[in-house]
Amino acid sequence: MAVRTTTAFERRGLSDEQLRQLFRNMLLQRQLDNRGFQLNRQGKVPFALGSEGHEALQAGAAMAFERGKDLLAPYYRDLGLCLGVGLTPYEIMLSIFAREADHNGGRQFPNHYSSKATGILSFSSVLAAHIPHAVGAAYAIQYRNESGRAVLCTNGDGTTSEGEWHESLNFAAVHKLPIVFLVENNLWAISTPIEKQMAQPEIWKRAVGYGMPGKRFNGFDPVETYACVKEALERARSGGGPTLLEGMCYRFLAHSTDDNDMTYRTKDEVTEHRKSDPVPRFEAKLVEAGIMSEADVAAMKKDVLRETNEATDRAEAMPFPKAEDLYTHVYEGAWQPWQ
Amino acid sequence: MAVTTSKMTASSQTMNNVEAVRATLYEALKNDDRIIILGEDVGARGNVFLITKDFIDEFGPQRIIDTPIAEASIVGIAVGMAMEGLRPIAEIQFADFIYPSFNQIVGEAAKTRYRSNGEYTCPLVIRTPYGGGVRGALSHSVSVEALFYHVPGLKIVAPAFPADVKGLLNAAIDDPDPVLFLEHKKTYRLIKGEVPSGHYTIPIGKANVLKEGTQLSVVSYGLYVHWALEAARALEGDGLSVEVIDLRSIRPMDRTTILNSVEKTRKLLIIHEDNKFGGIGAEISAMVAEEALFNLDAPIRRLCAPDVPAMGYAETLEHEFMSSPEKMAKAMREMVAF
Ligand SMILES: Cc1ncc(C[n+]2csc(CCOP(=O)(O)OP(=O)(O)O)c2C)c(N)n1
Ligand SMILES: [Mg+2]
């Protein structure tokens, strides 16, 4: 394909190197997702959950995150975000294999990434329970006058129906907290489509009700995502208060390895959305704009596979938590229900 | 009465329980700027019992937060603050309204340390007024301790005396884990006592033997420990010797003090305001049955509220639900005579 520079390619201030980084994150997400599902089929791990369809959104959002400053309050579908802010494929694999060296010590499901060193808050599987935590963390940042820092807090579309979601946005707006609420709208919550979740399906419009800016963007476009999240994070970091963002994407896979999506949606629907698959689309864009050659792309894919293989092998070789680890970290120090 | 304290000073002051909570919170706010108080009406009004009155003027609205009416996020936001290095003290206006925050207390605060393998912690105090006898009707009278004491990762204290309120509230604030701090509403202004000056803590998980005795051990907490003490003292005139233990902490609980007492008296009566089925008394009974069955000369007895959903507003209904020093004395006599 002929190399040509197109004016259509909006790069929003991103360098060639950053654009390649975005793409690599997207490839890595897909490769690690595949690996989780493979390991599940091989009977090596009991559970896997993928973020296919969220790659562009998460890579773009992560690029707007300032490492060492901002905090991330993610949810279980945020593989790409967590990779993008600094978790390594090895750390992801430790979580998939539930090994002792995992940040959670093999206690939580995979995908419940947390790492204090990376600025990723710990969260449970209880939907929306982490949203008030993100708000509390943003309050701490504001209280200590740590300007230049903000919290990026994410959740799915279905999760916006929870009371804690509403309570948290309301509080954040009252106190003009440094936080960005990013909804990853993939149109489904397990088997429940958006129209059964809410009568007014444009989540970003709820921002008006809270008294904060709101915006919807194309979450299949990593560069547009980056620009929207960056604008909102910069506003938050400089005292401009919270923003509600809604990134539109699609969940290409079933909810998890325990779900069969063909019981509630059609293959045609999935195929239709696959036509806009953000990974090959961004690849084509980069190649067309001359930012990567086809050989570059092939080399990157090979390298991502190598990294995934290495992370898999290294994590798999690590020990499980010891049985007696069940008893640690209930409270600080040793504990007894009776004293 | 013996108050176990880590540091006692010569001087002290007479206070009721409201004043003890207030004075302790005030000192904590003065000494540690990581401390934030958040809850409904804690600022301009100074809490419905005036516990935080005027705090907002001295410490400002950043530290004394009048929150929206949203209990799940009052606790949830406090959890986030605690994870991020602050020392929040969340208030639930009445224990009856703690239910919306159950998820945040049980599912989040109590499991933060555990689920993150110790990477994140949740040093958080949740204060709430509970209990009846104040014509509080169905939804301003409940005891909630049994709903939470099943939960590892959470600590629960329920002090009854002003000096214990101060020592245990200080301990709760210093504690690196979440503590549910229960304040019995009827004791707020009713109960007065000497409170040592200066900073001191009472270890969470230590009961207090309020009155020594040889014929029966009575274990209670909250308002009822005062009534149990009154009953036991009245029985002294008839030559009955009843030991009264104030649990003070519900989780962790002081097994040693209970077992030592039962070994001596060989009889155990547990008294609480909460209803009987699955209450705190059930756990104490089971523990004593497991550990000291053959030291007992009588079946363990529990004097608790009837198993109805709540006490009623009408005086007759509240009266029927609540115990009294007279009912307690009757149960004590029967136990000693057994
Ligand atoms: C409080 C709570 N209720 C129900 C569930 C079960 N559950 C797990 S994921 C999910 C769907 C969430 O959908 P959405 O928020 O759109 O996120 P997505 O998985 O689509 O990314 C449900 C119902 C849960 N984990 N927590
Ligand atoms: Mg969804």
Side-chain angles (χ1 to χ4, degrees), chain A residues 71 73 100-108 112 114-117 120-126 128-144 151 153 162-172 174-175 177 321 325-326 328-333 335-339, chain B residues 33-34 36 38 62-63 65 67-68 70-86 88 100 103-104 107-108 110-121 123 149 152-155 175-177 203-207 249 251-258 283 287 291:
Chain A
L71 294 175
E100 184 182 19
D102 166 41
H103 284 279
N104 300 326
R107 287 171 178 200
Q108 293 230 60
H112 289 54
S114 89
S115 162
K116 197 158 193 176
I120 304 175
L121 293 184
S122 161
F123 62 95
S124 73
S125 302
V126 183
H130 70 298
I131 317 285
H133 306 167
V135 169
Y139 195 94
I141 287 173
Q142 185 182 72
Y143 175 69
R144 292 187 297 238
V151 180
C153 174
E162 288 281 2
E164 276 147 295
W165 190 87
H166 155 71
E167 290 184 22
S168 303
L169 270 79
N170 183 47
F171 186 97
V174 168
H175 291 273
L177 295 181
D325 291 337
L326 183 73
T328 58
H329 302 301
V330 180
Y331 300 94
E332 186 181 79
W335 67 279
Q336 286 288 331
W338 300 94
Q339 284 195 346
Chain B
D33 62 11
R34 296 172 306 167
I36 303 264
L38 68 161
Q62 286 79 32
R63 298 188 67 192
I65 308 173
T67 63
E71 288 76 11
S73 58
I74 289 172
V75 176
I77 288 165
V79 169
M81 290 173 171
M83 284 167 82
E84 218 20 62
L86 298 183
N103 170 44
Q104 285 293 334
E108 302 297 315
K111 293 178 176 65
T112 301
R113 179 189 292 278
Y114 193 75
R115 71 159 182 249
S116 66
N117 210 24
E119 268 196 24
Y120 281 95
T121 61
Y149 89 130
L154 192 62
K155 296 182 181 179
D175 202 277
D177 289 299
I204 294 174
K206 282 269 169 291
S249 290
R251 187 182 183 117
M253 207 185 279
D254 188 346
R255 167 160 70 177
T256 312
T257 299
I258 297 170
E283 190 59 43
M287 184 277 287
E291 303 289 328

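All chains are named by letter (A, B, ...) in the order of the sequence lines, taking the proteins before the strands, and each is independently numbered beginning at 1.
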Criterion side-chain hydrogen bond (donor to acceptor under 3.5 Å, both in side chains) on A:His133 and B:Gln104, from CA distance to verdict: CA-CA 10 Å; A:His133 306 167; B:Gln104 285 293 334; 2.8 Å; yes

Tell me whether B:Tyr114 contacts the main-chain N or O of A:Leu326 through its side chain, where contact means a donor paired with an acceptor under 3.5 Å. yes

With side-chain hydrogen bond (donor to acceptor under 3.5 Å, both in side chains) as the criterion, how do B:Tyr120 and B:Arg115 come out once you've worked through the C-alpha distance, each side chain's angles and the decisive distance to 0.1 Å? CA-CA 9 Å; B:Tyr120 281 95; B:Arg115 71 159 182 249; over 6 Å; no

Compute whether any side-chain donor of one residue and acceptor of the other, for A:Tyr143 and B:Arg34, lie under 3.5 angstrom apart. no

Between B:Gln62, B:Arg255, B:Arg251, B:Met253, which has the largest tally of heavy atom pairs under 4.5 Å with chain A? B:Met253

B:Ile258 vs B:Asp254 side-chain heavy atoms within contact, under 4.5 Å: no

Where on B:Pro152 is there a heavy atom nearer than 4.5 Å to chain A: the side chain, the backbone, both, or neither? both

Report the option among A:Leu71, A:Val151, A:Leu121 that has the most heavy-atom pairs separated by less than 4.5 Å from atoms of chain B. A:Leu121

Considering only heavy atoms, which portion of B:Glu71 lies under 4.5 Å from any heavy atom of chain A: side chain, backbone, both, or neither? backbone

Can you tell me if B:Asp177 uses its side chain to pair, donor with acceptor, with the backbone of A:Glu332 under 3.5 Å? yes

May I ask you to name which of B:Ser249, B:Ser116, B:Pro68, B:Gly85 has the most heavy-atom pairs under 4.5 Å with chain A? B:Ser116

Measure B:Ile36 against the heavy atoms of chain A and call it side chain, backbone, both or neither at under 4.5 Å. side chain

Is the closest side-chain heavy-atom distance between B:Ile65 and A:Phe171 below 4.5 Å? yes

Under 4.5 Å to a heavy atom of chain A? For B:Asn117 that would be both

Check whether B:Asn103 gets within reach of chain A through its side chain, its backbone, both or neither, counting any heavy atom under 4.5 Å. side chain

Proximity breakdown for B:Lys111 and chain A, heavy-atom pairs closer than 4.5 Å: neither

Interface check, chain A: of B:Leu86, B:Ile74, B:Val75, most non-hydrogen pairs under 4.5 Å belong to B:Leu86

Rounded to the nearest 0.5 Å, what separation is found between the OG1 atom of B:Thr67 and the NE2 atom of A:His175? 8.0 Å

Honestly, the part of B:Asp175 sitting under 4.5 Å from a heavy atom of chain A is neither

Counting heavy-atom pairs under 4.5 Å with chain B, the top scorer among A:Gln142, A:Arg144, A:Arg107 is A:Arg107

Is it the case that B:Glu119 and A:Ser115 place a side-chain donor and acceptor less than 3.5 Å from each other? no

Quick one: of A:Ala134, A:Ser114, A:Ala129, who has the most non-hydrogen atom pairs under 4.5 Å with chain B? A:Ala129

Quick one, A:Ile131 and A:Cys153 - any side-chain contact, counting heavy atoms below 4.5 Å? yes

In terms of heavy-atom proximity below 4.5 Å to chain A, should B:Ala72 be classed as side chain, backbone, both, or neither? both

Heaviest contributor of heavy-atom pairs below 4.5 Å to chain B, chosen from A:Glu164, A:Gln108, A:His103, A:His130, is A:His103

